[in-house]
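Here is how names work: the chains are called A, B, and so on, in the same order as the sequence lines, proteins then strands, and each is numbered from 1. Since this is a predicted model, take the numbers as computed values, not measurements.
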2 protein chains.
Amino acid sequence: MTNDAQGTPPAQDRPGYELPLLLFAGFRSIIDQLHAELARQGHPEGRPAHGFAMQAIGRDGATASELGRRLGVSKQAAGKTADRLEVLGYAVRADDPADARRKVIRLTPRGLDVLAKSAAVFDELRAQWAAALGPERLRDLEDDLRVMVPPSGFRLDVAGWFGP
Amino acid sequence: MTNDAQGTPPAQDRPGYELPLLLFAGFRSIIDQLHAELARQGHPEGRPAHGFAMQAIGRDGATASELGRRLGVSKQAAGKTADRLEVLGYAVRADDPADARRKVIRLTPRGLDVLAKSAAVFDELRAQWAAALGPERLRDLEDDLRVMVPPSGFRLDVAGWFGP
DNA sequence: ACTTTTTCGACAACCACGTTGTCTATCCTA
DNA sequence: TAGGATAGACAACGTGGTTGTCGAAAAAGT
C-alpha cells in the first residue's frame, strides 16, 4: 500500500480546485463566443441572462411566475427580466383573455430570431469542440457531466450566488 | 462519405446548447457542495466570490489594484470585495511602510483557514468525481477542457456578464 | 533637483440583478 | 358564497459590478 490510508486524501495527482475553474472557463468561453457571434449577427444587446430567459419562455410564452419557477428565481426577478426583454424588443406582454390575472410574456419575431441564431451558434461551437477533441471524447465529456450534475434543473440565480 | 458535406452542420447527434449548460451545472454543483461543506465547517458566511478573491489574495497579500487585475475586475470592485472580506473577518488591511499609497490586504488566520479547508474540500470533491467516473476519464475531461479554454486567466466579472 | 506622469486608494453616482415583504385583483374550491 | 391560493405590481434593500473624479505619493524625464 502506497498511499491509500484513510488520513489525508491519497495521491491527488491534480489539485481539486482546478476542476471547477476549468468547468467555468469552458462555460464562459462558449457563452462569450456565442454573444460575440450574436452581436455580429445583429443582436449586440443580448446578455446571457436574457438568452436563458428567452429559452425558458420558449415559443409558447410564459407568465412571470412560470418563468421564475423555470429559472429558479423569484417571480419578481423574472418579472424584471421580462421588463428588460420588453425594453430590448425581444418580448411583449399580453393579457390572457381566459385569466385576468395572467399576463403572458411572448417572444417577438426578433426574440425568436435570437433563439434560432443561438441554437445555430451553439451547434457550430459544439462542432468546433468535436473537431478539436474528437466526437467520441466530447460525447464522453458530456456523458460524464450528465452523470455528475444533479438532475434538478439549472438555477440561474447568479446575482447573490445564493444566500441572503 | 455519409455526412461531411460543407453545408449545414452534419448529423448533430446532440444539440449544442446542452454543452454550456452541463459545464455550468457541473461548476455550480461543485461550488454549491463546497459552500455547503464550508458552512458545516464553521464558515457559513462565505460566498463564491469571496473564495475566489481570497485565492487571488493568497498568502502574500495583495493591494486592491493587484487584486482587481488578478480577478479581471476594476480596482474599485476589488476594493469593495476587500471591504467585505474585512467585515467578515477574513482579511485585514495594513499600510505598506515602503509605499505610503499602498494598503496591503492580508488574510487573517480565519481567512487562511477557509483557504485550507476549501482546498481540502475541492480535493475531496474531485475524488468523488474520480470515483464515479474513473480517474482516467476525469483526467481526460480536465485535459479536454484545458485544450478548449483560452489560456487567459479566469475572469470573475459575473455581475453584468460583460457589456455595460 | 525639479517638473511631469503614473499609480494608488477613496468617494460618489449609477446600473443590473437578485432578494423579501406588502398589496390588490382574480380565480378556484369547500 | 366565503375563504384560500395565485398573479402581478410596487417598494425597499443587498451585493457586486461599472464609470468618473480627486488628492497624495512614487517614478520617470528633462
To the nearest angstrom, the CZ-P distance between R70(A) and dA7(D) comes to 12 Å
The nucleotide from dT18(D), dG18(C), dA25(D) with an atom nearest the side chain of V73(B) is dT18(D)
Hits for salt bridge (charged side-chain N to carboxylate O under 4.0 Å, His left out) against R40(B), two or more places apart or cross-chain, chain-then-number order -> E37(B)
Give a yes/no on whether any side-chain N or O of T81(B) is located under 4.0 angstrom from OP1 or OP2 of dT15(D). no
Reckon A100(A) touches a base, only the sugar-phosphate, or nothing at all at heavy-atom distances under 4.0 Å? sugar-phosphate
Applying side-chain contact (heavy atoms from CB on, under 4.5 Å) to A130(B) and not counting sequence neighbours gives L138(B)
Of dG18(C), dC17(C), dT18(D), the nucleotide closest to the side chain of R84(A) is dC17(C)
Taking E18(B) first and then R126(A), would you say they form a salt bridge - that is, a charged N and a carboxylate O separated by under 4.0 Å? no
Contacts of R139(B) meeting salt bridge (charged side-chain N to carboxylate O under 4.0 Å, His left out) (sequence neighbours excluded), chain-then-number -> D13(A)
Per-nt protein contacts along nucleotides 3-13 of chain C (heavy atom under 4.0 Å; B base, S backbone sugar-phosphate only, - none) come out as ----BBBBB--
In whole angstroms, the gap separating P of dA16(C) from NE2 of H50(A) amounts to 9 Å
For dG21(C), does OP1 or OP2 lie under 4.0 Å from any side-chain N or O of S74(A)?
no
For K117(B), the salt bridge (charged side-chain N to carboxylate O under 4.0 Å, His left out) test, sequence neighbours excluded, returns D113(B)
The side-chain contact (heavy atoms from CB on, under 4.5 Å) partners of R102(A) (sequence neighbours excluded) come to T63(A), E66(A), D96(A), D99(A), V104(A)
In whole angstroms, the gap separating C1' of dA25(C) from CG of D95(A) amounts to 13 Å
